[in-house]
Peer 1: 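Have a look at this one before I ask anything.
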There are 2 protein chains.
Amino acid sequence: MAKHYSATESLAALGDPTRRAIFERVAARPSAVGDLARGLPVSRPAVSQHLKVLKEAGLVTETPEGTRRIYRLDPRGIAAMRDWLDAHWSGALQSFASFADEQFETKEEKPK
Amino acid sequence: MAKHYSATESLAALGDPTRRAIFERVAARPSAVGDLARGLPVSRPAVSQHLKVLKEAGLVTETPEGTRRIYRLDPRGIAAMRDWLDAHWSGALQSFASFADEQFETKEEKPK
DNA sequence: CTCATGCGTAAGTTTTCACTTACGGTAAGT
DNA sequence: ACTTACCGTAAGTGAAAACTTACGCATGAG
């Protein structure tokens with residue numbers, strides 16, 4: 001069980017395109033490792049390794065079901081990313097607004 | 001100017017730890033390249049290259065100011081990531097809910 | 001015009017990491 | 001017990017990419 005739920009780890013995990021593909025498929029429906037591998041251009045062990053990273057990042061959870069392991073999205077990991085994003089969102093708007101003001105004032109001084 | 005604003009590109013860009021550090025510093029306050037490099041354990045050209053990636057991902061904007069180039073956050077890139085996250089958010093809650101139900105039913109069959 | 005400052009780019013090196021094959025281990029079926 | 005299906009891990013390889021140094025260009029100060 002991941003006890004971190006840090007946005008940093010989540011972003012690093014979703015930086016890889018294959019991991020994003022796996023993440024999106026798991027988001028669509030909880031799946032087993034083999035089923036995921038069958039729909040991807042990589043081997044099953046590769047999927048296993050990616051799922052390990054996603055799990056340690058707190059983005060998915062694992063549940064044994066017979067001989068299979070079902071992976072599901074973990075809302076808490078996604079929440080961490082959302083919070084991180086929102087924290088920078090206000091800063092972004094602020095920078096953007098002050099920049100727009102600056103531009104406007106400059107144009108005022110020099111209309112053309 | 002980036003015309004995409006795809007969440008995919010943004011996530012790939014923020015996958016690198018150095019790029020995340022740059023992104024956060026720019027989020028705190030619009031900065032020039034040299035100033036950013038002085039506070040990081042990498043060379044100035046490295047920062048330049050990272051800023052290029054962030055810019056192409058639509059996460060920052062560049063504004064010449066004398067001989068310096070001021071970088072600011074671009075809210076549109078962040079918005080793309082937010083949308084992507086929200087799109088999977090519902091799926092996450094759905095999976096989590098049905099999983100919780102399953103667990104509950106199992107416990108009902110086998111109270112202890 | 002000359003010099004200094006601030007950046008971007010090119011080229012080359014090093015390191016990271018995604019992937020494969022091989023192996024071992026667990027759970028269910030016959 | 002034997003076999004089959006499903007999966008994680010180890011070890012090694014190859015390719016992507018992050019970093020450095022060297023260079024060239026633009027802007028502003030003197």
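Lettering of chains follows the sequences in order, A, B, ..., and the numbering in each one begins at 1.
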Peer 1: What is the distance from CD of B:Glu62 to C1' of C:dG6, rounded to the nearest Å?
Peer 2: 12 Å
Peer 1: May I ask you to verify if any side-chain N or O of A:His50 is less than 4.0 angstrom from the OP1 or OP2 atom of C:dC17?
Peer 2: no
Peer 1: Side chain to side chain donor-acceptor pair (under 3.5 Å) with A:Arg82: which residues, sequence neighbours excluded?
Peer 2: B:Asp86
Peer 1: When you match B:Ile70 and A:Arg19 each to their closest nucleotide on DNA chain C, which lands nearer the 5' end?
Peer 2: B:Ile70
Peer 1: From CG of B:Leu51 over to C1' of C:dT9, roughly how many Å is that when rounded to an integer?
Peer 2: 14 Å
Peer 1: Find the distance A:Leu54:CG to C:dA18:P and express it as a whole number of Å.
Peer 2: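 Going from CG in A:Leu54 over to P in C:dA18 covers 11 Å.
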Peer 1: According to side-chain contact (heavy atoms from CB on, under 4.5 Å), who are the partners of A:Asp35, at least two apart in sequence or on a separate chain?
Peer 2: A:Ala32, A:Arg38, A:Arg68
Peer 1: To the nearest Å, how far apart are A:Glu56 CD and C:dC17 C1'?
Peer 2: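 Going from A:Glu56 (CD) to C:dC17 (C1'), I get 15 Å.
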Peer 1: Working to the nearest 0.5 Å, report the span between OG1 of B:Thr8 and CZ of A:Arg20.
Peer 2: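 Those atoms lie 5.0 Å apart.
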Peer 1: To the nearest 0.5 Å, tell me how far A:Ser10 OG sits from A:Asp74 CG.
Peer 2: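 It comes to 9.0 Å.
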Peer 1: Starting at CZ of B:Arg44 and ending at P of D:dG24, how long is that distance when rounded to a whole Å?
Peer 2: 15 Å
Peer 1: Under 6.0 Å between ring centres, would you say that holds for A:Trp84 and B:Phe23?
Peer 2: yes
Peer 1: Determine whether a donor-acceptor pair (one donor, one acceptor, N or O, separation below 3.5 Å) exists between the side chain of A:Gln49 and the base of C:dT20.
Peer 2: yes
Peer 1: Measure the distance from CG on B:Asp35 to P on C:dG6 and round it to the nearest whole Å.
Peer 2: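 Spelled out: CG on B:Asp35 to P on C:dG6 is 8 Å.
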Peer 1: Could you state the CG-P distance from B:Asp16 to C:dA18, rounded to the nearest angstrom?
Peer 2: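 To the nearest whole Å, that distance equals 12 Å.
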Peer 1: May I ask you to evaluate whether B:Ser43 reaches the phosphate of D:dT21, defined as a side-chain N or O under 4.0 Å from OP1 or OP2?
Peer 2: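 Answer no for this pair, as no side-chain N or O of B:Ser43 is under 4.0 Å from OP1 or OP2.
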Peer 1: Given that B:Arg69 and A:Thr67 both sit by DNA chain C, which one's nearest nucleotide is further toward the 5' end?
Peer 2: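 With B:Arg69 and A:Thr67 compared, the 5'-side residue is B:Arg69.
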Peer 1: In this structure, how many angstroms lie between the P atom of D:dA18 and the CG atom of B:Leu40, rounded?
Peer 2: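 Roughly 15 Å, once rounded to whole Å.
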Peer 1: Report which part of the nucleic acid A:Pro45 touches: base, sugar-phosphate, or nothing (heavy-atom distance under 4.0 Å, all strands).
Peer 2: base
Peer 1: Closest approach to the side chain of B:Ala32, judged atom by atom: which nucleotide of D:dT21, D:dA18, C:dC7 is it?
Peer 2: C:dC7
